[in-house]
Number of protein chains: 2
Amino acid sequence: MSEMRRGPYFCGIDAAMDVVAGKWKSLILWDLQEHGTRRFGELRRGLPGVSEKMLTQQLRELEEDGLVHREIYRQVPPKVEYSLTEEGSSLNAALESLGDWGTERIRRIGATKVDVGV
Amino acid sequence: MSEMRRGPYFCGIDAAMDVVAGKWKSLILWDLQEHGTRRFGELRRGLPGVSEKMLTQQLRELEEDGLVHREIYRQVPPKVEYSLTEEGSSLNAALESLGDWGTERIRRIGATKVDVGV
DNA sequence: TGCGGTACCCACCGAAAGGTAAGTGCCAGG
DNA sequence: CCTGGCACTTACCTTTCGGTGGGTACCGCA
């Protein structure tokens, strides 16, 4: 069930937003960029507050949209590794200036930041 | 009711997305960038499919967040003009690379585009 | 007199997004 | 034997988002 989202779109931003929208998606992309490859549990611990359901759901959608690669190791206990595809990594690059703008804004309005720890 | 959104945020992208999320916001920003200043009705006609309720709502939120300026002319019939603030215009600039990425993606996946006319 | 244009507001409703809590199968460690 | 960790799935519920259709006050035009 559920295919890759395909528009129709008004413009490029519209299409990009469609793919990034979702409470955790940009955060997942970010985490994957920083760590290269991550297991499910690592991602979960890296995104404080995310539920398992939400994390799998968002990961599935990112996978369907071709931004994230999912590698399953047939072992017991299960092991699954997530990483960015080329398209995902180029999206991340395109998000950089937006991230800078957001950081500036946080400073400007004095918003609080969630401490992610390490 | 309803104040400027203030986080807490995980990172800059998070903060930026918070402000741009909403079905019409990036489109409004785009339209305002292209035309400089627009009246309510002009915006409505420029965004095919938007309802009046949605348009006012999104404009109010953009205004609260300091991205859009609202100039009221006390006339009959009423006249209201919307334009980008400096912050709104810098956000638009930060969205450019994301827009390019989206345009590329539309091409790649062969998504259909909504014709906005002129 | 009545209609259309201006820029809205309001109540209501259905759909979609997101949260909570539980269950799954298997194994290692205490 | 019981618990915890792995990577999920499922059912259910609440909250938010967005759409529909009405009303407002005023004026100009026919």
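Chain letters run A, B, ... following the sequence lines, proteins first, then strands; residues in each count from 1. No hydrogens, no waters, no symmetry mates; every other heavy atom, side chains included, goes into these values.
At the phosphate of dC9(C), OP1 or OP2 sits under 4.0 Å from a side-chain N or O atom of Arg60(B). The shortest distance between the side-chain N/O atoms of Arg45(A) and the OP1/OP2 oxygens of dC6(D) is below 4.0 Å. Phosphate proximity of dA7(C) to Arg70(B): absent, as no side-chain N or O sits under 4.0 Å from OP1 or OP2.
Donor-acceptor pairing under 3.5 Å, judged by distance alone, is absent between the side chain of Lys23(A) and the base of dG18(C).
If you take CD of Gln58(B) and C1' of dG19(D), they are 13 Å apart, rounded to a whole angstrom. Here dG19(D) presents its C1' atom at 6 Å from NZ of Lys53(B), a figure rounded to the nearest Å. For the pair Gln75(B) CD and dC26(D) C1', the interatomic distance rounds to 13 Å; values are reported in whole Å. In this structure, Phe40(B) atom CZ and dC8(C) atom P are separated by 6 Å, rounded to whole Å. Nucleotide dC8(C) holds its C1' atom 14 Å from the CE atom of Met54(B), rounded to whole Å. Between Arg39(A) atom CZ and dC6(D) atom C1' the separation is 7 Å, expressed in whole Å. Atom CD in Glu81(A) sits roughly 14 Å away from atom P in dC6(D) (whole-Å rounding). The distance from atom CG of Leu55(B) to atom P of dC10(C) is 17 Å, rounded to the nearest whole Å.
Of the two residues contacting DNA chain D, namely Gln57(B) and Pro78(B), the nearest-nucleotide position lying further toward the 5' end is that of Gln57(B). Map Pro77(B) and Leu59(B) each onto its nearest nucleotide of DNA chain C; the residue landing nearer the 5' end is Pro77(B). The residue among Glu52(B) and Val76(A) whose nearest nucleotide of DNA chain C lies closer to the 5′ end is Glu52(B).
At a cut-off of 3.5 Å, with distance as the only test, a side-chain donor of Ser97(B) or Ser97(A) sits close to an acceptor on the other residue.
With Asp31(A) contributing its side chain and Leu27(A) its backbone, the two residues share no donor-acceptor pair below 3.5 Å.
The residue Tyr73(A) sits apart from the nucleic acid: no heavy atom pair falls under 4.0 Å. If you check every strand for non-hydrogen atoms under 4.0 Å, Ser51(A) touches a base.
The CG atom of Leu98(B) sits 7.5 Å away from atom CE of Met17(A), with the distance rounded to the nearest 0.5 Å.
Between Arg108(B) and Glu87(A), at least one side-chain N (NZ, or NE/NH1/NH2) sits under 4.0 Å from a carboxylate O, which counts as a salt bridge. Salt-bridge annotation for Arg107(B) and Glu104(B): present, with a side-chain N of the basic residue lying under 4.0 Å from a carboxylate O of the acidic one.
Distance from the side chain of Val80(B) is smallest for dC8(C) among the nucleotides dG19(C), dC27(C), dC8(C).
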